[in-house]
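Heads up, the thing below is written out as C-alpha coordinates.
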Amino acid sequence: MSDIAGQTGLRGTATAVVHESYSFACMRCGHGWEQSYEIEHHTDAEGQEFVLYVADGQVVPSPLSRPCCHNCDGHVVRIMRAGQVSSVRGAAGRQQHRVPAAGPAEAPQVPGPAREPHHWHLSDLLHPFQRRAS
(Lines give C-alpha, C1' and ligand atoms only; values in the text may rest on other atoms or scores of the structure.)
Protein backbone atom coordinates (compact mmCIF):
# COMPACT_ATOMS: atom_id res chain seq x y z
CA MET A 1 0.00 0.00 0.00
CA SER A 2 1.22 3.46 -0.72
CA ASP A 3 0.04 6.87 0.30
CA ILE A 4 -0.95 9.07 -2.59
CA ALA A 5 -2.04 12.41 -1.22
CA GLY A 6 -3.45 15.19 -3.28
CA GLN A 7 -4.63 13.10 -6.24
CA THR A 8 -8.27 13.59 -7.07
CA GLY A 9 -8.49 12.17 -10.61
CA LEU A 10 -8.58 8.60 -9.28
CA ARG A 11 -11.47 9.14 -6.90
CA GLY A 12 -14.11 7.69 -9.26
CA THR A 13 -12.18 4.50 -10.05
CA ALA A 14 -12.25 2.88 -6.62
CA THR A 15 -12.90 -0.87 -6.65
CA ALA A 16 -14.03 -0.78 -3.00
CA VAL A 17 -14.59 1.87 -0.34
CA VAL A 18 -14.32 1.13 3.38
CA HIS A 19 -15.29 3.57 6.13
CA GLU A 20 -13.00 3.66 9.18
CA SER A 21 -12.84 5.97 12.17
CA TYR A 22 -10.00 6.44 14.62
CA SER A 23 -9.38 8.31 17.85
CA PHE A 24 -6.05 10.07 18.34
CA ALA A 25 -4.32 11.36 21.47
CA CYS A 26 -1.14 13.41 21.42
CA MET A 27 1.35 12.19 24.01
CA ARG A 28 3.12 15.56 23.91
CA CYS A 29 0.33 18.07 24.62
CA GLY A 30 -2.64 15.82 25.54
CA HIS A 31 -4.85 16.99 22.67
CA GLY A 32 -7.41 14.40 21.55
CA TRP A 33 -9.46 14.19 18.38
CA GLU A 34 -11.39 11.77 16.19
CA GLN A 35 -11.44 11.46 12.43
CA SER A 36 -13.44 9.35 9.98
CA TYR A 37 -11.89 8.17 6.72
CA GLU A 38 -13.10 6.66 3.49
CA ILE A 39 -10.45 4.18 2.40
CA GLU A 40 -10.65 3.76 -1.36
CA HIS A 41 -9.06 0.66 -2.87
CA HIS A 42 -7.66 1.13 -6.38
CA THR A 43 -5.61 -0.82 -8.94
CA ASP A 44 -3.00 1.01 -11.04
CA ALA A 45 -2.11 0.36 -14.72
CA GLU A 46 0.42 -2.34 -13.74
CA GLY A 47 -2.16 -4.19 -11.64
CA GLN A 48 -0.69 -3.06 -8.29
CA GLU A 49 -3.24 -2.34 -5.58
CA PHE A 50 -3.08 0.87 -3.58
CA VAL A 51 -5.36 2.80 -1.28
CA LEU A 52 -6.35 6.43 -0.90
CA TYR A 53 -7.41 7.83 2.46
CA VAL A 54 -10.10 10.49 2.14
CA ALA A 55 -11.06 12.73 5.08
CA ASP A 56 -13.64 15.50 4.74
CA GLY A 57 -13.55 15.15 0.94
CA GLN A 58 -9.76 15.59 0.72
CA VAL A 59 -7.21 12.88 -0.09
CA VAL A 60 -4.83 12.69 2.88
CA PRO A 61 -1.84 10.54 3.88
CA SER A 62 -2.57 7.37 5.83
CA PRO A 63 -3.24 8.25 9.46
CA LEU A 64 -1.44 5.05 10.43
CA SER A 65 1.91 5.95 8.86
CA ARG A 66 2.95 9.15 10.68
CA PRO A 67 0.10 10.87 12.50
CA CYS A 68 0.62 14.50 13.45
CA CYS A 69 -1.06 16.41 16.27
CA HIS A 70 -3.31 19.21 15.00
CA ASN A 71 -2.57 21.21 18.14
CA CYS A 72 1.24 21.08 18.58
CA ASP A 73 2.48 19.29 15.42
CA GLY A 74 3.93 16.53 17.60
CA HIS A 75 4.44 13.08 16.11
CA VAL A 76 4.07 11.00 19.26
CA VAL A 77 0.40 10.23 18.74
CA ARG A 78 -1.54 7.27 20.08
CA ILE A 79 -4.09 5.78 17.71
CA MET A 80 -7.14 4.12 19.28
CA ARG A 81 -10.44 2.69 18.18
CA ALA A 82 -13.19 5.15 17.40
CA GLY A 83 -15.15 6.65 20.28
CA GLN A 84 -12.34 6.81 22.83
CA VAL A 85 -11.95 10.60 22.83
CA SER A 86 -15.67 11.35 22.81
CA SER A 87 -16.33 8.89 25.66
CA VAL A 88 -13.64 10.53 27.80
CA ARG A 89 -14.98 14.00 27.02
CA GLY A 90 -18.49 12.86 27.88
CA ALA A 91 -17.37 11.33 31.17
CA ALA A 92 -15.41 14.45 32.07
CA GLY A 93 -18.47 16.59 31.42
CA ARG A 94 -20.68 14.44 33.67
CA GLN A 95 -18.29 14.42 36.62
CA GLN A 96 -18.46 17.41 38.86
CA HIS A 97 -15.74 17.41 41.48
CA ARG A 98 -16.60 19.69 44.34
CA VAL A 99 -13.68 20.70 46.46
CA PRO A 100 -14.67 22.14 49.81
CA ALA A 101 -13.37 25.57 50.58
CA ALA A 102 -10.54 25.39 53.07
CA GLY A 103 -8.73 28.00 55.04
CA PRO A 104 -5.04 28.04 55.75
CA ALA A 105 -3.82 24.90 57.47
CA GLU A 106 -1.76 25.32 60.61
CA ALA A 107 0.48 22.61 61.96
CA PRO A 108 0.48 22.28 65.73
CA GLN A 109 3.67 23.43 67.42
CA VAL A 110 5.50 20.58 69.15
CA PRO A 111 7.91 21.70 71.84
CA GLY A 112 11.32 20.10 71.68
CA PRO A 113 14.97 20.84 71.28
CA ALA A 114 15.88 23.15 68.45
CA ARG A 115 17.72 21.21 65.77
CA GLU A 116 19.89 22.47 63.02
CA PRO A 117 18.52 21.53 59.57
CA HIS A 118 20.16 18.45 58.09
CA HIS A 119 22.20 18.97 54.94
CA TRP A 120 21.74 16.00 52.66
CA HIS A 121 24.64 14.49 50.78
CA LEU A 122 24.53 11.94 47.99
CA SER A 123 26.11 9.36 50.27
CA ASP A 124 23.23 9.79 52.74
CA LEU A 125 20.73 9.00 50.00
CA LEU A 126 22.67 5.99 48.70
CA HIS A 127 23.39 4.51 52.13
CA PRO A 128 20.40 2.10 52.14
CA PHE A 129 21.52 0.65 48.81
CA GLN A 130 25.13 -0.01 49.75
CA ARG A 131 26.05 -3.63 50.49
CA ARG A 132 28.30 -4.50 53.34
CA ALA A 133 31.44 -6.44 52.57
CA SER A 134 31.43 -9.94 54.02
Side-chain angles (χ1 to χ4, degrees):
M1 291 192 283
S2 64
D3 297 354
I4 303 175
Q7 294 186 7
T8 57
L10 299 173
R11 296 285 314 277
T13 63
T15 58
V17 177
V18 179
H19 298 276
E20 294 270 339
S21 295
Y22 300 101
S23 292
F24 301 90
C26 179
M27 299 290 106
R28 182 177 172 198
C29 71
H31 178 65
W33 70 98
E34 295 187 2
Q35 182 67 56
S36 295
Y37 297 89
E38 292 178 352
I39 304 170
E40 299 179 351
H41 294 260
H42 296 270
T43 306
D44 66 11
E46 287 83 34
Q48 296 292 319
E49 294 182 5
F50 66 95
V51 295
L52 294 176
Y53 285 82
V54 180
D56 300 324
Q58 298 291 321
V59 178
V60 296
S62 168
L64 306 177
S65 60
R66 189 172 162 100
C68 181
C69 177
H70 301 297
N71 188 47
C72 71
D73 293 327
H75 290 287
V76 183
V77 176
R78 182 171 180 186
I79 304 170
M80 302 166 285
R81 63 182 162 86
Q84 296 295 305
V85 173
S86 60
S87 66
V88 169
R89 285 182 179 154
R94 288 189 301 270
Q95 289 182 344
Q96 301 256 340
H97 293 288
R98 297 194 184 265
V99 179
E106 294 182 20
Q109 297 293 326
V110 179
R115 291 180 26 180
E116 193 173 311
H118 182 75
H119 295 284
W120 289 97
H121 298 281
L122 183 59
S123 61
D124 294 333
L125 299 173
L126 296 176
H127 181 70
F129 301 107
Q130 294 174 347
R131 291 196 295 161
R132 296 183 184 183
S134 311

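For the single chain, residues carry numbers from 1 onward in sequence order.
Side chain of S23 to main chain of R81: a donor-acceptor pair is present (N/O by atom type, distance under 3.5 Å, no hydrogens or angles). The backbone N or O of H41 lies less than 3.5 Å from a partner atom in the side chain of T15, making a donor-acceptor pair.
Taking 4.5 Å as the limit, some side-chain heavy atom of D56 sits within range of a side-chain heavy atom of Q35.
A continuous path of Ile, Leu, Val, Met, Phe, Trp and Tyr side chains, each step under 4.5 Å between heavy atoms, connects V77 with L64, placing both in one hydrophobic cluster.
Listed here is the closest heavy atom pair of C26 and C29: SG-N, 3.4 Å. The nearest pair of heavy atoms linking Y37 to V60 is CE2-CG2, 3.9 Å. Between I79 and P67, the shortest heavy-atom contact is CD1-CG, 3.9 Å. Smallest separation of non-hydrogen atoms from P61 and Y53: O-CB, 4.2 Å.
Atom CG of N71 and atom CH2 of W33 lie 8.5 Å apart (nearest 0.5 Å). One finds the CZ atom of R78 at 6.0 Å from the CE atom of M80 (value rounded to the nearest 0.5 Å). In this structure, CD on E34 lies 9.5 Å from CZ on F24, to the nearest 0.5 angstrom. Atoms NE2 and SG, on H31 and C69 in that order, are 5.5 Å from each other to the nearest 0.5 Å.
When the options V18, V17, I39 are evaluated for a side-chain contact (heavy atoms from CB on, under 4.5 Å) with V51, the one that passes is I39.
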